[in-house]
Participant: 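Sending over a structure as structure tokens; questions will come in a sec.
Note that the structure is a prediction, hence the values are computed from the model and not measured.
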Amino acid sequence: MKKVVTLVAAVLLIFLMFLIVKNVFLHPIVKTEAQQPEESHTVYLPPERNVYDIKVEYNGINKIKAVMNLTYVNNTEDIFKELYFHLYPNIFSSSARVPFFKEDFYRAFPKGFSPGGIKIQQVEQDGKDVAWSLIEDDEILKLILNHPVDPGNVSIINIQFELTIPQAKFRLGYQTFGDGKITLSLGNWYPILAVCKDDKWSIDKHYAIGDCTYSDISDYTVSFTVPEDFTVAASGVLEENYIKDNKAIFIYSIDSIREFAAAISNNYQTSTDIVDGIKIVSYFHPEDKRGGFMALNIAKYALGIFNDAFGKYPYPELRIAEANYYLGGMEFPTFIMMDATKYTEPHIASTSLERSTAHEVAHQWWYGLVGSDQINEPWLDEGITEFSTAYYFEKRYGQPGRDSYFGRYVNTSVDFVMKNHIHMLDPLPLFKNQQEYFTTVYTSGVLFYEDLRNQIGEENLLDFLRSYLETFKYKNVSLKEFEEFLRGKKYEALDESFYDKWLNP
């Protein structure tokens, strides 16, 4: 019996030693608490800039319901207790409120006045109702925040609104034609945060001429739910497009643009091309396909020329859409709106479509990338853009192209520019009509940059434009900053007489 116990003990001892060896050599060593890797924690990083997320439902005629979530990022050193948003559609609330010149009224409303506007239904800050009011003839939405937003902090602003689009040939408007066909221009259509600079909000109202927007770079995602037979052309990149419950869904997204626009129609065909890796899409009515193909071709050449001259367009796509805008073309970041009349004769043969398209493509750099106050300093973006348009004709067609452009758009206006009491640097309210504005601001821009090129040479001029772009890219520049930047280049050929002639009226 004793031998049996001894034998069992020996077997148990051998088995125990086997387990120890197996644990040591065949299994990984278990780390002590000090050796364990630290638990991973998700670190929340606030966005670099404001983020707009908008969901749109369009009824196929002139009504839109929308919910907008703005992630507001305070990138200043100020504490904000209030926020201000532009409500541009409210200029259409009555015929007396529309800020058009008399001669332009019926161009914008060929079938008579049509009302429109934006109705705010609810506003929240971080999930709680916030006090709000409409000021400046209902063109500005003022929010009294529940809690201030400190420097570097973020707050979520939710705005629910309804939009009525007027039957107008304007940045915001629709037109019907044919058998149940409709095209809607959706520009300056949602509450957009005003610019605050030096602790002062820019809440200028919409004027009769020029462009109304002055905004900061933001990120956008906009989802459109439209009737199944409609197509949406918009700013940014088309991330998704599908059919659900007999509705078409279009989701566009893009980072680092100033504002978001679209055109919606149940009468669109498209054509696509690529230049320098950038996708260009032209949207047009099938009956105007010749103009649609030409717009695509012009945009392709213009992008290529401006890429080489100024620095490459930084976005992956650009869209140009036939829409409604009685003045011709209208630029938005990564999106161009062109009036339907430009797609027909005589605008095709007379280079009117070409000039407008090249001009709006140039705006992708001068306004889209380098922003400015378009109401108080409109020359800053329009002058350089019109010079870029002239440059396009010169580089695409050589001397004949340059001569043709100057003969049609510049030479006939030089005397007016030099003798008129209105100066190219004047703000929009001082101009009495469209002709005075276009001639003074646009033509002066061509003459200024031509004079600058003659003084410092084309190579230096292009170097100036490229460095100007890189210095102020994704920012807003003022006239003072522009002049200081030019002077900082220290071009020997530029003396005080040049600055007095052009920049010191």
Participant: Can you measure from CG (Asp150) to OG1 (Thr76) and round to the nearest 0.5 angstrom?
Facilitator: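 Result: 10.0 Å between the selected atoms.
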Participant: Taking the six-membered ring for Trp and the full ring for Phe, Tyr or His, determine whether the centres of Trp365 and Tyr468 are under 6.0 Å apart.
Facilitator: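 That pair fails the under 6.0 Å test.
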Participant: List the steps and the verdict of side-chain contact (heavy atoms from CB on, under 4.5 Å) for Asn476 and Asp373.
Facilitator: CA-CA 8 Å; Asn476 285 311; Asp373 185 342; over 6 Å; no
Participant: Measuring from atom NZ of Lys119 to atom OG1 of Thr164, what distance do you get when rounded to the nearest 0.5 angstrom?
Facilitator: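 Lys119 NZ to Thr164 OG1: 9.0 Å, rounded to 0.5 Å.
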Participant: Looking at every heavy atom in both Phe306 and Ala358, which two are closest together, and how far apart are they?
Facilitator: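 So the two residues come closest at CE1-O, 3.7 Å.
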Participant: Checking Asp104 against Gln434 for the side-chain hydrogen bond (donor to acceptor under 3.5 Å, both in side chains) test, could you report, in this order, the C-alpha distance in whole Å, the side-chain angles of both residues, the deciding distance, and whether it holds?
Facilitator: CA-CA 9 Å; Asp104 291 329; Gln434 298 286 0; 3.2 Å; yes
Participant: Just by distance, with hydrogens left out, do Asp53 and Thr221 show a side-chain donor and acceptor under 3.5 Å apart?
Facilitator: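 Result is no, nothing qualifies.
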Participant: To the nearest 0.5 Å, how far apart are CE in Met68 and CD1 in Ile120?
Facilitator: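 Reported value, rounded in 0.5 Å steps: 8.0 Å.
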Participant: Are Leu172 and Asn188 packed together at the side-chain level, in the sense that at least one heavy-atom pair is separated by less than 4.5 angstrom?
Facilitator: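 Side-chain contact under 4.5 Å: no.
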Participant: Of all heavy-atom pairs between Ser352 and Lys342, which one has the smallest distance, and what is that distance?
Facilitator: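 What the structure gives for the nearest pair is OG-NZ, 2.5 Å.
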Participant: Give a yes or no on whether Phe416 atom CZ has more than 12 heavy-atom contacts from other residues, nucleotides or ligands under 6.0 Å away.
Facilitator: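 More than 12 within 6.0 Å, yes.
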Participant: Is it the case that the ring center of Phe472 lies less than 6.0 angstrom away from the ring center of Phe485?
Facilitator: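 Close enough - the centres of the two rings lie under 6.0 Å apart.
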Participant: If I compare all heavy atoms of Glu331 with all of Tyr367, which pair ends up nearest, and what's the gap?
Facilitator: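 Scanning both residues, the minimum pair turns out to be CG-CD2, 3.7 Å.
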Participant: Is it the case that Arg396 places NZ or CZ above or below the six-membered ring of Tyr301, under 6.0 angstrom from the centre and within 45 degrees of the axis?
Facilitator: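 Yes, Arg396 and Tyr301 form such a contact.
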Participant: For a quick check under 3.5 Å, do Thr176 and Lys181 share a side-chain donor-acceptor pair by atom type?
Facilitator: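 Note: Thr176 and Lys181 side chains miss the donor-acceptor criterion.
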Participant: Evaluate the side-chain contact (heavy atoms from CB on, under 4.5 Å) criterion for residues Ile257 and Ser235: first the C-alpha distance (whole Å), next the side-chain angles of each, then the deciding distance (0.1 Å), finally the verdict.
Facilitator: CA-CA 9 Å; Ile257 62 173; Ser235 300; 4.2 Å; yes
Participant: Show the numbers, then the answer: is there a side-chain contact (heavy atoms from CB on, under 4.5 Å) between Arg408 and Phe393?
Facilitator: CA-CA 12 Å; Arg408 182 177 175 85; Phe393 278 94; over 6 Å; no
Participant: Can you see which heavy atom on Pro151 is nearest to which on Ile79, and at what distance?
Facilitator: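 So the minimum-distance heavy-atom pair works out to CD-CG1, 3.8 Å.
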Participant: Cut-off 3.5 Å, side chains only: do Gln121 and Gln160 have a donor facing an acceptor?
Facilitator: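 The criterion, which ignores hydrogens and geometry beyond distance, is not satisfied for Gln160 and Gln121.
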Participant: Among Val149, Leu141, Leu145, Val123, find the residue that satisfies the side chain to side chain contact (heavy atoms under 4.5 Å, CB included) test when tested with Leu83.
Facilitator: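 That would be Leu145; it is the only one of Val149, Leu141, Leu145, Val123 passing the side chain to side chain contact (heavy atoms under 4.5 Å, CB included) with Leu83.
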Participant: If you define the side chain from C-beta out and look only at heavy atoms, does anything of Tyr343 sit under 4.5 Å from Met294?
Facilitator: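 When only atoms from C-beta onward are counted, Met294 and Tyr343 do not touch, as no gap falls below 4.5 Å.
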Participant: Report yes if some heavy atom in the side chain of Trp201 is under 4.5 Å from a heavy atom in the side chain of Cys196; otherwise report no.
Facilitator: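 With C-beta onward as the side chain, the pair touches.
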Participant: Looking at the rings of Phe100 and Phe170, which for Trp means the six-membered one, are their centres under 6.0 Å apart?
Facilitator: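 They qualify: ring centres under 6.0 Å apart.
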Participant: Is the distance between the ring centroids of Tyr190 and Phe260 under 6.0 Å?
Facilitator: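 Centroid separation for Phe260 and Tyr190: 6.0 Å or greater.
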Participant: Rounded to the nearest 0.5 Å, how far apart are NZ of Lys65 and OG1 of Thr225?
Facilitator: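 So the NZ of Lys65 and the OG1 of Thr225 are separated by 12.5 Å.
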Participant: Check whether the side chains of Tyr392 and Glu354 place a donor and an acceptor atom closer than 3.5 Å, and report yes or no.
Facilitator: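 Glu354 and Tyr392 do have a side-chain donor-acceptor pair below 3.5 Å.
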Participant: Are the side chains of Leu184 and Asn62 in touch, meaning some heavy atoms are under 4.5 Å apart?
Facilitator: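 No, too far: nothing below the 4.5 Å cut-off.
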Participant: So, Asn376 versus Asp204: side-chain donor-acceptor pair below 3.5 Å or not?
Facilitator: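 A donor-acceptor contact under 3.5 Å links the two side chains.
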Participant: Check this for me, if you would: do Asp276 and Lys312 make a salt bridge, where the nitrogen-to-carboxylate-oxygen distance has to be below 4.0 angstrom?
Facilitator: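 Salt bridge: no.
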Participant: Does this structure show an ion pair linking Asp339 with Lys169, if we count only N-O contacts that are shorter than 4.0 Å?
Facilitator: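 Salt bridge present between Asp339 and Lys169.
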Participant: Which heavy atom of Val237 sits nearest a heavy atom of Pro316, and at what distance?
Facilitator: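 So the minimum-distance heavy-atom pair works out to CG2-CG, 3.5 Å.
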Participant: Should Glu386 and His359 be marked as a side-chain hydrogen bond (donor to acceptor under 3.5 Å, both in side chains) after you check the CA-CA gap, both sets of side-chain angles, and the distance that decides it?
Facilitator: CA-CA 6 Å; Glu386 190 60 14; His359 180 94; 2.7 Å; yes
Participant: Taking all atoms of both residues into account, what is the closest heavy-atom pair of Ala168 and Phe109, and its distance?
Facilitator: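 Closest pair (atom of Ala168, atom of Phe109, distance): CB-CE2, 3.6 Å.
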Participant: Would a 4.5 Å heavy-atom cut-off, applied to side chains only, mark Leu369 and Tyr315 as touching?
Facilitator: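 They are in contact (side-chain heavy atoms under 4.5 Å apart), so the answer is yes.
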Participant: Report yes if some heavy atom in the side chain of Phe448 is under 4.5 Å from a heavy atom in the side chain of Leu503; otherwise report no.
Facilitator: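 Yes. Closest side-chain heavy atoms under 4.5 Å.
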Participant: Glu259 and Ser215: side-chain hydrogen bond (donor to acceptor under 3.5 Å, both in side chains), yes or no, with the steps?
Facilitator: CA-CA 7 Å; Glu259 59 176 320; Ser215 53; 5.3 Å; no
Participant: Hey, does Trp366 have a side-chain heavy atom less than 4.5 Å from the side chain of Ser388?
Facilitator: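 Yes, their side chains come closer than 4.5 Å.
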Participant: Step by step, would you call Val441 with Phe431 a side-chain contact (heavy atoms from CB on, under 4.5 Å)?
Facilitator: CA-CA 10 Å; Val441 174; Phe431 293 95; 3.7 Å; yes
Participant: I'd like to check Met338 versus Glu322 (side-chain heavy atoms, cut-off strictly below 4.5 Å). Are they in contact?
Facilitator: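 Of all side-chain heavy-atom pairs linking Glu322 with Met338, none is under 4.5 Å.
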Participant: Would you please test Ser372 and Glu377 for side-chain hydrogen bond (donor to acceptor under 3.5 Å, both in side chains) and show each step?
Facilitator: CA-CA 7 Å; Ser372 56; Glu377 296 178 331; over 6 Å; no
Participant: Arg171 pairs by side chain to side chain donor-acceptor pair (under 3.5 Å) with which of Asn324, Thr213, Asp211?
Facilitator: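 It is Asp211; the other options fail the test.
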